[in-house]
Amino acid sequence: MEIRTVGVIGAGQMGNGIAHVFATSGYDVRLNDISQDTLDRAMALIEGNLDRQVSKGRLTAEEKAAALSRIRATTDIAQIGATDLVIEAATENEKLKHEIFRSLAPHLAPKTILTSNTSSISITRLAAATDRPERFMGFHFMNPVPVMQLVELIRGIATSEETFRTLEGVVERLGKTAASAEDFPAFIVNRILIPMINEAIYTLYEGVGSVQSIDTSLKLGANHPMGPFELADFIGLDTCLAIMNVLHDGLADTKYRPCPLLVKYVEAGWLGRKTQRGFYDYRGETPVPTR
Ligand SMILES: CC(=O)CC(=O)SCCNC(=O)CCNC(=O)[C@H](O)C(C)(C)COP(=O)(O)OP(=O)(O)OC[C@H]1O[C@@H](n2cnc3c(N)ncnc32)[C@H](O)[C@@H]1OP(=O)(O)O
Ligand SMILES: NC(=O)C1=CN([C@@H]2O[C@H](COP(=O)(O)OP(=O)(O)OC[C@H]3O[C@@H](n4cnc5c(N)ncnc54)[C@H](OP(=O)(O)O)[C@@H]3O)[C@@H](O)[C@H]2O)C=CC1
């Protein structure tokens, strides 16, 4: 099946990155969020990131203008229904995602493929609550989307071969690389990455090191591009906690228990870069560790 139009639901950091890469690859994009402010912020961020690509010579000014003109921002979910491919990229909360698919259902064209960019939630369970489990898949982009090469493709139990092949073709057209993962909690990347971040938080919680010394150790001692606290703040601590909870509940193993310090930060609303405070405080000129 040929995909021309794409609906992206949720215009946070993932939604704006996904809209960006689809628009620069020639797809028409409708970007949806419940908040007009979030949509305005997303469009400004996309423009800033496109400018960065122009200044590096990776895109011409004409290509930037064409990409921007292909993105239509809307708070009306009904406008997402007629697209060929929907990518749900709203907050990592299963109940919310079910509600989104439910409110989208009356507006959907029969051919539309539904996907979720979820980091951890069961694709089979999300699919089973829609009218088209065979046309439903996990479509997991990595952050920052314009930079990261990988897209995880996750089949639910009922996903058809045609749906899988169509999404493989889309990943190829985006110039990215697909990896197929089975539908188990948090799939591949986050099954490994988020427990590592959780372990870094335990290492801090138990006083083995400070935010700074743990980040420096992983950057200089293991050549990670970001330390675990920089990365956790970048992903969003609410998302990290949601993923740990899915692992803990779904695999019923105490090795996945979320660190109480992670819970405390989320309860404080210190969610990382998106709220300007997490394991670092971003309100000044340079980030300052909060522990
Ligand atoms: C939670 C989940 O479900 C799954 C996940 O996504 S987990 C998170 C996965 N992501 C990671 O692990 C990211 C780890 N960090 C990195 O790889 C790097 O720090 C980074 C790529 C983010 C930044 O790299 P850097 O070398 O420090 O910065 P910088 O030189 O400024 O940027 C490198 C390139 O990325 C671009 N870039 C950086 N941030 C960007 C953003 N937010 N949006 C668009 N482009 C961006 C820059 O323009 C630059 O582009 P060129 O190569 O064309 O010059
Ligand atoms: N952060 C990361 O590194 C990665 C995240 N993901 C996954 O992508 C998804 C989005 O994460 P991320 O972008 O980081 O989260 P953000 O918190 O940055 O963005 C989520 C967005 O969804 C919006 N939203 C909430 N409810 C609705 C709704 N009913 N309809 C439309 N939009 C809604 C939020 O609006 P408001 O702010 O107004 O509530 C917000 O703008 C999650 O499933 C996450 O697990 C996947 C890969 C990497």
Side-chain angles (χ1 to χ4, degrees), residues 7-21 24 30-42 45-59 73-77 79-80 86-104 115-121 123 126 138-152 154 181 186-194 196-197 215 218-219 223-228 230-246 266 271-275 278:
V8 180
I9 301 176
Q13 53 182 340
M14 294 307 291
N16 85 62
I18 292 168
H20 173 137
V21 297
T24 51
R30 291 180 207 161
L31 179 60
N32 164 262
D33 200 284
I34 36 174
S35 142
Q36 186 61 47
D37 278 357
T38 304
L39 285 172
D40 294 344
R41 248 193 334 269
L45 273 168
I46 292 170
E47 183 159 12
N49 284 329
L50 288 167
D51 279 336
R52 190 153 39 162
Q53 288 177 305
V54 172
S55 70
K56 299 218 160 132
R58 308 211 160 183
L59 218 59
T74 174
T75 53
D76 179 12
I77 194 146
Q79 292 196 26
I80 303 299
V86 170
I87 305 167
E88 173 280 312
T91 312
E92 187 72 346
N93 174 315
E94 183 165 348
K95 195 162 158 267
L96 173 79
K97 290 184 189 292
H98 282 301
E99 275 163 20
I100 288 173
F101 288 120
R102 227 183 344 262
S103 60
L104 187 62
T115 67
S116 175
N117 184 52
T118 177
S119 297
S120 59
I121 297 166
I123 300 304
L126 290 175
F139 200 24
H140 186 212
F141 288 81
M142 305 294 138
N143 187 11
V145 184
V147 180
M148 303 299 282
Q149 186 62 28
L150 184 76
V151 185
E152 274 183 302
I154 307 111
F187 322 123
I188 296 175
V189 172
N190 289 332
R191 169 80 177 258
I192 299 166
L193 186 64
I194 305 299
M196 183 206 74
I197 287 175
D215 270 356
L218 270 290
K219 282 193 288 187
N223 264 4
H224 290 197
M226 289 175 166
E230 288 173 332
L231 185 56
D233 279 358
F234 182 61
I235 291 168
L237 302 188
D238 53 340
T239 304
C240 293
L241 178 59
I243 298 168
M244 284 311 298
N245 281 328
V246 168
V266 174
L271 306 183
R273 281 186 177 269
K274 63 184 165 189
T275 58

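One-based numbering, in listed order, for ligands and for the atoms of each.
With a 4.0 Å cut-off on non-hydrogen atoms, Asp238 does not touch ligand 2 at all. Contacts of Ile100 with ligand 2, taken as heavy-atom pairs under 4.0 Å, involve the side chain alone. At a 4.0 Å heavy-atom cut-off, ligand 2 touches His140 through the side chain alone. Contacts between Phe141 and ligand 2 below 4.0 angstrom, taking non-hydrogen atoms only, involve the backbone exclusively. Of the heavy atoms in Lys274, only side-chain atoms (C-beta onward) come closer than 4.0 Å to ligand 2. With a heavy-atom cut-off of 4.0 Å, Asn117 touches ligand 2 through backbone and side chain alike. Within the 4.0 Å heavy-atom criterion, the part of Thr38 lying near ligand 2 is the side chain and not the backbone. Neither the backbone nor the side chain of Ile243 comes within 4.0 Å of ligand 2, counting heavy atoms alone.
Atom 10 (N) of ligand 1 has Asn143 O, 2.7 Å as its closest protein atom, hydrogens excluded (heavy atom only). The protein heavy atom nearest to atom 37 (N) of ligand 1 is Val147 CG2, 3.4 Å. For atom 18 (O) of ligand 2, the closest heavy atom belonging to the protein is Gln13 N, 3.1 Å. Nearest non-hydrogen protein atom to atom 19 (O) of ligand 2 is Gly12 CA, 3.3 Å. Nearest to atom 41 (O) of ligand 2 among the protein's heavy atoms is Asp33 OD2, 2.8 Å. With hydrogens left out, the protein atom closest to atom 48 (C) of ligand 2 is Met14 SD, 3.4 Å, a heavy atom. Nearest non-hydrogen protein atom to atom 18 (C) of ligand 1 is Pro225 CB, 4.0 Å. Counting protein heavy atoms only, atom 6 (N) of ligand 2 is closest to Ser119 OG, 3.2 Å. Nearest protein heavy-atom neighbour of atom 12 (O) of ligand 1: Leu231 CD1, 3.7 Å. The protein atom (non-hydrogen) at minimum distance from atom 38 (C) of ligand 1 is Arg52 NH1, 3.7 Å.
Counting protein heavy atoms under 4.0 angstrom from atom 25 (P) of ligand 1 gives zero. In this structure, atom 54 (O) of ligand 1 is in close contact with the protein, since a protein heavy atom lies within 4.0 Å of it. Protein heavy atoms are found less than 4.0 angstrom from atom 45 (N) of ligand 1. There is a protein heavy atom less than 4.0 angstrom from atom 41 (C) of ligand 1.
Counting only non-hydrogen atoms, the option in Met226, Glu92, His140 that gets closest to atom 19 (O) of ligand 1 is Met226. Considering Met142, Arg273, Lys219, Glu230 only, the shortest heavy-atom separation from atom 5 (C) of ligand 1 involves Met142. Across the listed options Asn143, Asn16, Ile80, Asn143 owns the non-hydrogen atom lying nearest to atom 2 (C) of ligand 2. Looking at Ser119, Ala242, Pro144, it is Pro144 that brings a heavy atom closest to atom 22 (C) of ligand 1.
Applying the 4.0 Å criterion to heavy atoms of Asn190 picks out, from ligand 1, the atoms 1 (C), 2 (C), 3 (O), 4 (C). Close approach of ligand 2 to Ala90 is summarised as follows: ligand atoms under 4.0 Å from at least one heavy atom of the residue are 9 (C), 10 (C), 22 (O), 24 (N), 33 (C), 42 (C), 43 (O). Contact atoms of ligand 1 toward Lys56: 47 (C), 48 (O), 49 (C), 50 (O), 51 (P), 53 (O), 54 (O) (distance under 4.0 Å to a heavy atom of the residue). Within the listing of ligand 1, atoms 7 (S) sit less than 4.0 angstrom from a heavy atom of Leu193. The ligand atoms of ligand 1 that sit less than 4.0 angstrom from a heavy atom of Pro146 are 44 (C).
Contact between Ala89 and ligand 2 is present, with at least one heavy atom of the residue lying under 4.0 Å from the ligand. For Lys97, the closest heavy-atom approach to ligand 2 falls below 4.0 Å.
Considering both main-chain and side-chain atoms, Arg58 comes within under 3.5 Å of ligand 1 through a nitrogen or oxygen pair.
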